[in-house]
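Below you'll find the structure, written out as structure tokens, and then a few comments.
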Amino acid sequence: MKTTRPGTATHPQLYQHFKNAQEIADAINRSRSYVFKALKTGFTDREKAMLERITKTAIFEDERNN
């Protein structure tokens with residue numbers, strides 16, 4: 001997936017593992033528009049766990065440490 005403004009991505013590792021928002025939506029069983037909203041406001045804990053399980057990386061580790 002490609003960001004429109006480099007350096008402003010809140011979860012850059014998502015952009016490395018998924019080609020587009022539809023792939024993320026399919027992984028968490030949500031709509032594409034929901035994914036765009038969640039990229040701004042945040043995913044639920046369950047969705048975060050699902051995405052980390054799929055990518056096998058700690059994408060949201062920074063949020064847990066705050």
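For clarity, every value in this text was computed on a predicted model and none was experimentally measured.
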**Item:** Separation between NZ of Lys19 and CD1 of Ile24, rounded to the nearest 0.5 Å
**Value:** 13.0 Å
**Asked** How long is the gap from OG1 on Thr41 to OH on Tyr34, to the nearest 0.5 Å?
**Response** 7.0 Å
**Asked** Within 45 degrees of the axis of the six-membered ring of Phe43 and under 6.0 Å from its centre: does Lys48 put its NZ or CZ there?
**Response** no
**Over all atoms of both residues, closest heavy-atom pair of Ala27 and Leu51** = CB-CD2, 4.3 Å
**Message:** If I take atom OG1 from residue Thr55 and atom CG from residue Leu14, how far apart are they, to the nearest 0.5 angstrom?
**Reply:** 7.0 Å
**Prompt:** Any donor-acceptor pair under 3.5 Å linking the side chain of Glu52 with the backbone of Ala58?
**Reply:** no
**Request:** Can you tell me which residue pairs pass the salt bridge (Lys or Arg N to Asp or Glu O under 4.0 Å) test with a partner in residues 28-42, sequence neighbours excluded?
**Result:** Arg30-Glu47
**Prompt:** How many angstroms lie between CG in Asn29 and CZ in Arg46, if you round to the nearest 0.5 Å?
**Reply:** 8.5 Å
**Prompt:** Can you tell me if Gln13 uses its side chain to pair, donor with acceptor, with the backbone of Thr57 under 3.5 Å?
**Reply:** no
**Side-chain touch Phe60/Asp45, heavy atoms, less than 4.5 angstrom** = no
